[in-house]
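Here is the structure we will look at, set down as structure tokens.
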Amino acid sequence: DIVAESEATPNHVLVGEAKLGCSRGEARAILDDLTRKAAACPALVGKKITAAVWALRYRGRKTGLPVVTAEDTVQAAR
């Protein structure tokens, strides 16, 4: 699991999960679960939550889902 507070906006927190692989349906379920868990976390009450999934191998369209693939990371690092 990943939890990172924004330095620029401390009221904004990124929560995420890294997976070796997942499908679009699995990513959607992971995002729903992350959002639910973050909302129940006392340390995150009142903060803006952004949920994301990092996947080494992703099967499906990313449109509309905050999924970061290995290819996305490599491209961003260039």
Chi angles and distances behind the side chain to side chain contact (heavy atoms under 4.5 Å, CB included) call for V13, V3 | CA-CA 7 Å; V13 178; V3 179; 3.8 Å; yes
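- For residues 39-59, the set of pairs meeting the salt bridge (Lys or Arg N to Asp or Glu O under 4.0 Å) definition, not counting sequence neighbours, comprises E5-K47, E26-R59.
- Taking the side chain as every heavy atom from C-beta outward, L56 and K19 never approach each other to under 4.5 Å.
- Contact annotation: the side chain of L44 approaches that of V15 to within less than 4.5 Å [non-hydrogen atoms, C-beta and beyond].
- Note that OG1 of T73 and CH2 of W54 are 9.0 Å apart. Values are rounded to the nearest 0.5 Å.
- Within a 6.0 Å sphere centred on CD of E7, heavy atoms belonging to other residues, nucleotides or ligands number 12 at most.
- The shortest non-hydrogen separation linking A51 to T35 is CB-OG1, 3.8 Å.
- Closest approach of G46 to N11, counting heavy atoms only: O-OD1, 3.4 Å.
- Taking SG from C22 and CZ from R28, the interatomic distance works out to 11.5 Å, rounded to the nearest 0.5 Å.
- Panel note: side chain R24, backbone Y58; no donor-acceptor pair is recorded below 3.5 Å.
- Between R36 and D32, no side-chain nitrogen of the basic residue sits less than 4.0 Å from a carboxylate oxygen of the acidic one, so the salt-bridge criterion is not met.
- Remark: E17 CD to L34 CG distance equals 5.5 Å, nearest 0.5 Å.
- When all heavy atoms of V53 and A27 are compared, the closest pair comes out as CG2-O, 4.1 Å.
- The salt bridge (Lys or Arg N to Asp or Glu O under 4.0 Å) pairs that include a residue from residues 66-78 are K62-D72, where partners are two or more places apart or lie in different chains.
- Distance CD1/I49 to SG/C41: 8.0 Å, rounded to 0.5 Å.
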Kindly determine whether L65 and L31 satisfy side chain to side chain contact (heavy atoms under 4.5 Å, CB included), including the steps that lead there.
-> CA-CA 9 Å; L65 290 181; L31 290 163; 3.9 Å; yes
